[in-house]
Amino acid sequence: MLFSQDIGIDLGTSNVLVFVKGKGIIIREPSVVAVDQRFNPPRVVAVGTQAKEMIGRTPGSIVALHPVQNGVIADFDATAEMLRRFIKRAINNSPFNRARVMVSVPSGVTEFERRAVNDAVKSAGAKYISIIESPLASAIGAGLPITSATGSMVVDIGGGTSEVAVIALKDIVTSLSIKTAGDDMDEAIINFVKKKYGLLIGERTAEDIKIKLGSAYFYDGEGAMDVKGRNLVDGLPLNVEISSEEVRDALADAVKQIVDAVRTALENTPPELAADIMDNGITLTGGGALLRGLDKLIEEELKIPVEIADTPIDCAADGIGVCLEKKL
Ligand code: ADP
Ligand code: MG
């Protein structure tokens with residue numbers, strides 16, 4: 001018997017979420033693939049969480065890579081294999097010959113990049129594929145009134161891209177995508193501790209610091225944490241203490257670029273819609289929306305109310321789910 005299943009995929013730079021119609025989001029895994037380079041082509045040994053755990057601590061021939069970078073596919077084979085494994089798991093290894101997949105791509109990707117996503121999903125085994133622009137999916141998932149003529153603004157801050165979009169009548173009216181997002185914040189922290197303390201840390205430690213202490217604005221309960229790394233000078237293990245304020249300073253540049261992108265997008269928005277946004281506010285989605293005080297900073301800088309979506313990391317996948325279930 002042929003088996004038909006509707007699946008939604010949010011193929012992000014940091015995370016892949018898989019939605020199965022009738023079940024909801026059933027996979028949330030990092031977009032990471034570990035490959036063994038002794039083989040040609042390299043053989044995939046792990047994907048998702050398992051692969052992410054290998055970052056920075058893999059033995060010689062095994063490397064953990066990010067197959068999606070800045071929202072677009074950087075390694076086609078690794079992306080396709082990762083999707084194949086996730087989809088297989090999502091449908092419990094059922095035969096997969098009629099799966100319909102809806103996948104999101106960032107706004108502003110080229111036709112070539114869009115085709116690469118389509119082809120990767122196809123080579124992962126899907127039969128029918130449709131593509132939705134991720135800001136639209138995120139806006140739907142965040143519950144914004146996208147079918148109305150009133151303009152809504154969604155700002156999605158992921159790992160590799162921050163996307164600002166104004167939506168009205170189910171369409172993206174203005175959008176702006178920049179390649180400054182969560183990964184750049186991690187990198188800024190790496191560079192900061194290297195410069196100030198001569199300490200080398202990896203990307204996972206940097207992300208951990210960002211999540212535990214990071215902010216865009218002063219917050220109640222600021223503190224400090226111990227950070228372990230390697231001394232740049234003698235290569236030995238070293239411990240330093242880092243404060244909330246230091247992390248905020250380290251992140252300031254990346255944060256400013258995101259705020260500036262929102263400002264520019266507003267300036268490019270037709271006046272009537274800009275007026276709607278002034279009244280209705282801006283909604284933040286994506287993991288970066290969780291950076292402490294980012295909402296407050298944007299509010300203060302642009303004098304517009306800002307709200308964080310309820311489950312910001314799920315918004316795009318939830319939005320695709322709404323489309324699959326035809327609840328729109
Ligand atoms: P993508 O769509 O690109 O896969 P996500 O929307 O899943 O990205 O968000 C991932 C980004 O959000 C990562 O850079 C991650 O470090 C960041 N992130 C997750 N939680 C937090 C948090 N509490 N504070 C700040 N950044 C966070
Ligand atoms: Mg995303």
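Read the numbers this way: they start at 1 and go in the same order the structure lists the ligands and their atoms.
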Identify, for atom 2 (O) of ligand 1, the protein heavy atom at the shortest distance, and state residue, atom and that distance.
Gly12 CA, 3.9 Å
of all protein heavy atoms, closest to atom 22 (C) of ligand 1 is Leu290 CB, 3.5 Å
Given Glu301, which of Ile298, Leu297, Ile304 fulfils the side-chain contact (heavy atoms from CB on, under 4.5 Å) condition?
Leu297
Would a hydrophobic clustering, with Ile, Leu, Val, Met, Phe, Trp and Tyr connected at side-chain separations under 4.5 Å, put Ile209 with Leu200?
no
Please collect all side-chain hydrogen bond (donor to acceptor under 3.5 Å, both in side chains) contacts where either partner lies in residues 176-192, sequence neighbours excluded, each pair once.
Thr180-Gln257, Asp186-Lys210
Is there a polar contact between ligand 1 and Ser14, counting only N or O atoms under 3.5 Å apart?
yes
List ligand 1 atoms under 4.0 Å from Gly182, heavy atoms only on the residue side.
14 (O)
So which heavy atom in the protein is nearest atom 5 (P) of ligand 1, and how far is it from that ligand atom?
Gly287 N, 3.7 Å
For atom 25 (C) of ligand 1, state which one of Thr285, Thr161, Leu291 supplies the nearest heavy atom.
Leu291
I want to know if ligand 1 touches Gly286 in the polar sense, i.e. an N/O pair below 3.5 angstrom.
no
Evaluate side-chain contact (heavy atoms from CB on, under 4.5 Å) for Val16 paired with Ile27, printing each intermediate quantity in order.
CA-CA 8 Å; Val16 180; Ile27 290 183; 5.7 Å; no
Enumerated ligand 1 atoms positioned under 4.0 Å from heavy atoms of Thr13
1 (P), 3 (O), 4 (O)
Nearest protein heavy atom with distance in Å, relative to atom 7 (O) of ligand 1:
Asn15 ND2, 2.7 Å
Region of Lys210 that comes within reach of ligand 1 [heavy atoms, distance under 4.0 Å]
side chain
Using a 4.5 Å cut-off between side-chain heavy atoms of Ile, Leu, Val, Met, Phe, Trp and Tyr, which other residues end up in the same hydrophobic cluster as Val233?
none
Look at ligand 1 and say whether Gly214 reaches it with a heavy atom at a distance under 4.0 Å.
no
Quick check: Glu207 and ligand 1, any N/O pair under 3.5 Å apart?
yes
Using a 4.0 Å cut-off to any heavy atom of Gly288, which atoms of ligand 1 qualify?
12 (O)
Hey, is Asp36 close enough to Arg43 for a salt bridge, meaning N to O under 4.0 Å?
no
Sub-3.5 Å donor-acceptor pair from the side chain of Gln50 to the main-chain atoms of Val47, do we have one?
no
If you scan protein heavy atoms around atom 3 (O) of ligand 1, the nearest is Gly159 N, 2.8 Å
Looking at Glu246, is its backbone amide N or carbonyl O close enough to the side chain of Ser243 to form a donor-acceptor pair, meaning the two atoms are under 3.5 Å apart?
yes
Within the side chain of Asp234, is there an N or O that forms a donor-acceptor pair under 3.5 Å with the backbone of Leu236?
yes
